Amino acid sequence: MVDAAPVDPARRRGWAEVDLGALRHNAALLARTVAPAQLCAVVKANGYGHGSVAVARAALAGGARWLAVAVVEEGAELRDAGVDAPVLLLSEPPAGAMDEAVALGLTPTLYTAEGVEAASLAAARRETRTAVHVKVDTGMHRVGADPDGAVALALAVHGSARLSLGGFWTHLAVADEPAHDFTAEQLRRFDAVLGRLEAEGIEPGLVHAANSAGALAHPASRHGLVRCGIALYGHVPSAELAGLGPVAELRPSLTLKARVALVRELDAGERVSYGLRHRLERRGTVATVPLGYADGVTRRLWAQGAEVLVGGRRCPMAGLVTMDQLMVDCGPGAAAAPGDEVVLIGRQGNEEVRAEEWAARLDTITYEVLCAIGPRVPRVYVGEGDAHGSPADATDSHPSVAAGAARPR
Ligand SMILES: *Cc1c(COP(=O)(O)O)cnc(C)c1O
């Protein structure tokens with residue numbers, strides 16, 4: 001991953017530049033904001049498209065104490081890279097993956113009796129004792145045991161020779177909508193279950209409920225640990241939270257770039273891309289950019305009026321985004337040339353296209369925009385994730401590169 005051999009910059013068609021200094025800064029900001037609660041850096045889905053191992057290292061350097069992933073394979077990638085911090089599995093692993101989870105020293109979340117049984121068997125097979133977190137569903141109804149079931153599971157873990165209760169948690173459904181009263185209701189239900197554990201004499205371990213929105217907007221949800229994803233990457237969870245103090249200090253950490261592959265002058269009336277649906281109103285310079293929907297540049301973006309940055313100017317996409325390439329209308333007499341840098345997400349000169357802008361055009365959330373950046377796009381790391389306060393190396397002279405979803409095993 002981060003240690004992969006650098007790729008010749010001249011061979012890159014498009015790449016995602018990930019600023020480790022920004023990630024480290026965001027982690028430190030979040031850790032400071034929520035203290036004395038601890039920060040868990042959520043690095044599932046290849047670190048929201050940024051590369052999970054590099055993000056994990058930068059977040060730990062910034063002060064995160066825990067990491068979280070969705071599935072065992074993601075935990076294995078971290079362990080293979082030598083990351084030995086505590087890793088929480090946010091979903092209960094299937095019974096068939098429990099042995100690997102225990103062997104890798106991952107912390108399973110459990111919410112079924114079968115899960116408790118599988119974890120206890122896996123620990124017994126390794127002649128070890130494994131800490132687990134039990135999850136209670138307080139109203140989102142995705143995963144988690146209902147309150148009665150969660151108390152019963154906590155009791156079962158408590159009574160097991162092979163398991164210990166390392167944590168007890170829930171997840172908030174509307175923390176990013178500060179006016180919604182259901183967050184308070186979920187936190188009341190959570191407190192009630194915690195009260196029942198206490199009455200049973202069970203120490204819950206690390207208590208946690210907050211995602212980024214909870215951590216930023218609902219201090220009461222912070223408990224002992226907050227699980228931050230989107231804010232760690234430098235993005236506000238929802239527009240409604242944009243006014244919160246720490247949000248202004250978050251730094252987006254990913255820039256999606258490419259180089260112009262081909263340029264041509266086209267006459268007014270010429271049509272561009274599949275379906276010939278984009279018609280040039282006037283003569284202009286059209287540049288072909290070698291990224292497409294297979295790289296996460298959603299096909300719908302053109303119809304939604306998306307723009308990219310070329311030569312420090314916003315230029316509209318021209319015609320449907322194809323699988324591997326898209327076209328851009330640089331306007332009449334533009335100086336665009338093959339090899340010019342194109343910024344699809346991020347800053348160029350005084351202009352910026354934020355992932356939030358794509359999300360608004362696509363009627364989705366920033367999360368989906370970032371996660372969609374495909375495995376074919378190399379991640380190029382700049383800045384220092386582990387040197388104190390070091391700024392990003394914008395010159396990108398010795399970048400390390402990793403293919404996004406490639407696993408080193
Ligand atoms: C993905 C996830 C998070 C992180 O959410 P953000 O909004 O990105 O901070 C936290 N907890 C759980 C259970 C998740 O699935």
Side-chain angles (χ1 to χ4, degrees), residues 23 26-27 29-31 33-34 37-50 52 55-56 59 62 64-72 74-75 86-93 106-111 115 132-145 150 167-178 180 183 186-187 190 206-219 221-242 244 246-247 250 252-254 355-356 359 364-372:
L23 288 165
N26 295 334
L29 174 68
L30 291 166
T33 301
V34 304
Q38 296 179 359
L39 174 64
C40 172
V42 179
V43 299
K44 61 190 174 184
N46 196 32
Y48 289 38
H50 297 60
S52 65
V55 172
R65 300 285 296 277
W66 277 75
L67 303 169
V69 294
V71 299
V72 174
E74 293 172 334
V87 176
L88 178 68
L89 295 167
L90 294 168
S91 293
E92 183 176 285
L106 309 176
T107 303
T109 288
L110 303 177
Y111 34 78
V132 301
H133 287 201
V134 167
K135 182 174 185 200
V136 58
D137 174 15
T138 53
M140 174 156 162
H141 303 321
R142 183 171 62 175
V143 294
F168 192 84
W169 65 281
T170 193
H171 191 47
L172 303 173
V174 287
D176 59 338
E177 300 174 47
H180 208 303
T183 299
Q186 284 194 271
L187 293 175
F190 191 43
L206 263 180
V207 173
H208 49 112
N211 52 7
S212 294
L216 292 167
H218 305 273
S221 72
R222 290 173 187 160
H223 289 283
L225 184 78
V226 302
R227 307 179 306 267
C228 290
I230 199 73
L232 172 68
Y233 301 98
H235 300 275
V236 62
S238 66
E240 285 121 294
L241 302 192
L244 293 171
V247 166
L250 292 172
S253 49
L254 182 143
E356 284 80 357
T364 183
I365 54 179
T366 314
Y367 301 67
E368 192 178 9
V369 169
L370 297 171
C371 291

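Residues: numbered from 1 along the sequence shown. Values in this document were obtained by computation on a predicted structure and should not be read as measured data. Both ligands and their constituent atoms are indexed starting at 1 by order of listing.
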Aromatic ring proximity, centroids under 6.0 angstrom, His208 and Trp66: no

Candidate with minimal heavy-atom separation from atom 9 (O) of ligand 1, of Ala210, Ser91, Cys40, Ser212: Ser212

Close approach of Arg142 to ligand 1, heavy atoms, under 4.0 angstrom: yes

Where ligand 1 meets Lys44 - atom numbers and elements under 4.0 angstrom, heavy-atom basis: 1 (C), 2 (C), 3 (C), 14 (C), 15 (O)

Protein heavy-atom partner closest to atom 11 (N) of ligand 1 - residue, atom, separation in Å: Arg227 NE, 2.9 Å

Side-chain donor/acceptor of Glu74 to backbone N/O of Ala70, under 3.5 Å: yes

Identity and separation of the nearest protein heavy atom to atom 12 (C) of ligand 1: His171 CE1, 3.4 Å

Passing option when Val236 is tested against Leu241, Leu216, Ile230 for side-chain contact (heavy atoms from CB on, under 4.5 Å): Leu241

For the student: nearest non-hydrogen atoms of Val72 and Pro93, plus distance: CG2-CB, 3.9 Å

Shortest non-hydrogen separation from Asp176 to Ser238 and the atoms involved: O-OG, 2.6 Å

contact_flag Ala231 ligand 1 heavy-atom lt 4.0 Å: no

Ile230, any N or O under 3.5 Å of ligand 1 N or O: yes

Proximal ligand 1 atoms for Trp169, defined as those under 4.0 Å from one of its heavy atoms: 13 (C)

Closest approach of any protein heavy atom to atom 7 (O) of ligand 1, naming residue and atom: Tyr367 OH, 2.6 Å

From Val42, Thr109, Val143, residue fulfilling side-chain contact (heavy atoms from CB on, under 4.5 Å) relative to Leu90: Val42

Atom indices of ligand 1, in the order listed, that fall short of 4.0 Å to a heavy atom of Cys228: 9 (O)

Side chain Gln186, main chain Ala173, donor-acceptor under 3.5 Å: yes

4.0 Å heavy-atom contact, Tyr48 with ligand 1: yes

Considering all heavy atoms, the nearest Leu254-His50 contact: CB-NE2, 3.5 Å

